[in-house]
Amino acid sequence: MRIRKELFADERDDALRLVGQPVRRQDIEGHVTGRSTFFDDHPVAGLLHLRCVRSSEHHARIRAIDTSAAERTPGVRRILRYADLPKKAHNILTIFNFGIDDEPALADGKVRYRGEPIVAVLAESRRAADEAVAKVRVDYEPLPAVFDVEEALKPGAPLVNEYIGRNWFRYWGDYDCQQIRFGDVEAALRSADLVVEGRYQMSPIEHAPLETNGCIVVPAEDGRFTVYTCTQGLFFSLDNTAAQLKIESNRLHFIGGTVGGGFGGKVDTVVEPLAVLAAMLTGRPVRYVFSRAEEMQVSSPRGAERIYIRDGVMRDGRIVAREITHYHDAGAYSRLSTYGTIKSAAHHPGPYWIPNVRVDSWCVFTNRTPSSAMRGFGVTGGDFALESHMDAVARAIGMDPMELRIKNAYRDGDMKAHRKLTQGAALIECVQVAAELAGWPLSEDARRDSSRVGGGGERARIPPTPIARTRAPAATGTGARAELPRSGTGFAAGEPRRAMTPPPSRTGGTGSPSTRPEPEPRRGEPIRNEPERREPPPEPPRPASGGHGAIRFSSVFGSRRR
Amino acid sequence: MTKAVRLELNGSPVAAVAEGGENLLALLRERLGDTSPKAGCLQGTCGACTVLLDGEPVLACLTLAELADGRRVTTVRGLQDGPRLHPLQEAFMDGFAAQCGFCTPGMLIAAKALLDREPNPTREQVIEAIAGNVCRCTGYTPIVEAILDAARRLAGRRG
Ligand code: FES
Ligand code: FES
């Protein structure tokens, strides 16, 4: 590794003590001696083992659940059901007053993805629990399922999640998607020399940590519960478990920090609430660990993102307009996808100065496994699309792809589409160094260019911006909505909260609450089916608040340390 | 059906009662208190449970506990010589060959089996030796380098 200290040397104090030096991990001696204590390495006597009966259907109403044979299985102590849940639906961001409680910890009369937990068996041994799980009979009434984000937005698509009430998440009270408007994209596309379009598709990616998700819960005599867990966000999971069980957080003592691989796949807090509930109801220590098959099938992966890009390009290489539609496949429940969608909108249009930008970022519900955090979710998919598209643009106009990036790179003083002035840009220097290392010839101009020149002035302006708000194509699944639920408890849809900027632990940056009060989202309200309204351009929609996620994003696309 | 199993674990004689059908991994972790072999899949695909049985690497999750009766079992806890770490352990520490650490015990045992058999392995032999051990964090290169480094350190110790 080499650090290019000669770049921007005048802006920094370079008396670095640790950066650039090899430093041992503090936990590595435990790792190589086999003494690091992972959650499952705590010896606990008298454990009950928790295993879930999971949906074999992608989307179905549950007519009946027969647990009688399972209950008679030797070693079975209890079966947990929806009726046992203190809080009927939850989302891990509502503890920050963001989003909607939209997911029951055990099926509420309907299953919305294959592998959804329906009931949980507690038994004296893992084997007895597995045997009992196999004996539970679930009578399903299959429902039409939807697996594609664009299909899910079409009129008449099956309604996936009744708590949300539509197949997309509505932001800030009244926005069907996260929207960025900067300049007049349509006019710029019309006057461009050519328009380059692309469609990019991400696959869901499973984190596949070597240690599967799990926890061990031990009731203590003082009414508290010790929870050994592999969560990536110890206090985030503690707070979410307390909220879901409606208990004071001081009744929970979470012990962890030794995570056998996370990558974003251990923040959703899917095991702890059920295991603590089981310990509360039985008074026994409880172990709930995903099998490898469960880890692969039901732990939330990176979502399938689909990104459309339309660029207006001039023959000399200037990109004068960029229009992006970014669909996030949240799967059946929000988890952290509502936030990932915000991140993608905050990331577009990439590290380039483009005078006319329009972004629609959608969080869409389908009957796929709920997706959630994974390593720059929202951003990685966006970058894959943006940078693939830059190459496509370069090919279309016959320009060198490195030169194209330098030509369009943002520079100090440029106004970004998010109404922030660019500071500390370093994309040009990154491209120069990459070209040098790759032996890629650059023109003299490109080699001499600098992020410190050429920005600002005209480029610091916020252009006149017609605000055309995007609306969802149509209302969905009205039929499905009317009939639910059978369970009697009702989809007391999680109380929608005020919109705030969520800072989820370990995945976010420096979020600060938005101060704009939001109207309560009205459920069941007819979706306006107007194509686009031209409104007077008052305050353009604000994506995320100022510094939100900026640390993570800017490191991805080249900014310099100051 | 239970069965008494006596074995030598990292040089010490131990005994435990195994349930019929119980695997060696459960015997080690739950009955003998050696939690260094890990359960990553319980189906023979990840290698995190690798231990030495009479010097040969086996997947403890697929080995019946009673098969260990009367035999020698070595886990990563048996690698070090008193306070002195094994060159493999030192090389892993110096070479950033562990991140989350969950694969590390199995990885070290697979590497130990290789170096016992072939003190001066080629890169290809190293790759072959850890082919059954999944690591999700490191990308393998630092692990391969560390094993080659350990071979050099061992040669140095032999001197
Ligand atoms: S736990 Fe034995 S191979 Fe994965
Ligand atoms: S270090 Fe995490 S799996 Fe190898």
Side-chain angles (χ1 to χ4, degrees), chain A residues 1 22-47 49 75 124-128 130 205-214 216 228 230 232 257-266 287 289-296 374-375, chain B residues 10 19-22 26 28-49 51 61 75-80 83 85-86 88-109 111 133-138 146 150:
Chain A
M1 183 175 75
V23 179
R24 267 191 186 168
R25 296 180 61 98
Q26 63 175 14
D27 54 1
I28 201 166
E29 186 159 352
H31 290 350
V32 302
T33 54
R35 305 211 177 265
S36 295
T37 312
F38 295 86
F39 83 87
D40 205 21
D41 296 339
H42 294 272
V44 176
L47 279 176
H49 296 258
E124 298 289 343
S125 71
R126 165 80 190 261
R127 190 188 294 181
D130 281 337
I205 301 173
E206 165 55 29
H207 315 77
L210 208 53
E211 170 202 61
T212 59
N213 270 280
I216 292 175
Y228 302 103
C230 67
Q232 284 175 259
T258 303
V259 181
F263 323 112
K266 289 178 177 167
R287 178 175 181 271
V289 183
F290 277 5
S291 68
R292 175 53 55 187
E294 286 176 306
E295 185 68 39
M296 303 308 277
M374 189 204 201
R375 300 213 147 170
Chain B
N10 297 327
E19 291 288 332
E22 184 168 310
L28 290 168
R29 290 181 53 87
E30 291 160 30
R31 305 198 189 276
L32 296 171
D34 185 344
T35 53
S36 64
K38 303 298 178 206
C41 68
L42 298 178
Q43 57 187 27
T45 55
C46 76
C49 63
V51 300
C61 74
T75 70
V76 77
R77 292 205 184 150
L79 276 197
Q80 64 197 90
L85 293 183
H86 189 278
L88 272 167
Q89 293 170 311
E90 287 173 351
F92 267 55
M93 286 171 69
D94 291 342
F96 302 92
Q99 286 181 29
C100 80
F102 204 78
C103 72
T104 312
M107 206 59 95
L108 282 165
I109 288 296
N133 293 70
V134 175
C135 175
R136 185 62 164 131
C137 302
T138 63

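Chain naming here is simple, since letters A, B, ... match the order of the sequence lines and numbering starts at 1 in each.
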Set out, in order, the CA-CA distance, both residues' side-chain angles and the distance that settles salt bridge (Lys or Arg N to Asp or Glu O under 4.0 Å) for D40(A) and K38(B), then state yes or no. CA-CA 9 Å; D40(A) 205 21; K38(B) 303 298 178 206; over 6 Å; no
Decide side chain to side chain contact (heavy atoms under 4.5 Å, CB included) for Q99(B) and R25(A); before the verdict, give the C-alpha distance in whole Å, the side-chain angles of both, and the deciding distance to 0.1 Å. CA-CA 8 Å; Q99(B) 286 181 29; R25(A) 296 180 61 98; 4.1 Å; yes
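Once rounded to the nearest 0.5 Å, the distance linking CD of E206(A) with CZ of R136(B) reads 7.5 Å. Atoms CZ and CZ, on R35(A) and R77(B) in that order, are 5.0 Å from each other to the nearest 0.5 Å.
Proximity to chain B is absent for every atom of F290(A), based on heavy atoms less than 4.5 angstrom apart. Looking at E30(B), there are no atoms closer than 4.5 Å to chain A (heavy atoms on both sides), in backbone or side chain. Of the atoms belonging to Q89(B), heavy atoms from both backbone and side chain fall under 4.5 Å from chain A. Looking at V23(A), only its backbone comes within 4.5 Å of chain B, counting heavy atoms on both sides.
Scored by the ring-ring contact (aromatic ring centres under 6.0 Å, His included) test, F92(B) finds no partners at all (sequence neighbours excluded). Under the ring-ring contact (aromatic ring centres under 6.0 Å, His included) criterion, F38(A) pairs with F102(B), not counting sequence neighbours.
If you run side-chain contact (heavy atoms from CB on, under 4.5 Å) between V32(A) and each of L88(B), L79(B), L108(B), only L108(B) comes through.
Minimum interatomic distance between T33(A) and Q80(B) (heavy atoms only, all atoms of both residues): CG2-OE1, 3.4 Å. When all heavy atoms of L210(A) and C103(B) are compared, the pair lying nearest together is CD2-CB, 3.2 Å. Of all heavy-atom pairs between G260(A) and C100(B), the closest is C-SG, 3.5 Å. Across E29(A) and L85(B), no two heavy atoms sit closer than the pair OE2-CD1, 4.4 Å. Across every non-hydrogen atom of G34(A) and S36(B), the tightest pair is O-CB, 3.6 Å.
A side-chain donor-acceptor contact under 3.5 Å links R292(A) to the backbone of G40(B).
Within a 6.0 Å sphere centred on CZ of R127(A), heavy atoms belonging to other residues, nucleotides or ligands number 12 at most.
Between chain B and the residues A208(A), S36(A), G262(A), the largest count of heavy-atom pairs under 4.5 Å involves A208(A). Counting heavy-atom pairs closer than 4.5 Å to chain A, the top residue among P105(B), C137(B), C41(B), C135(B) is C41(B).
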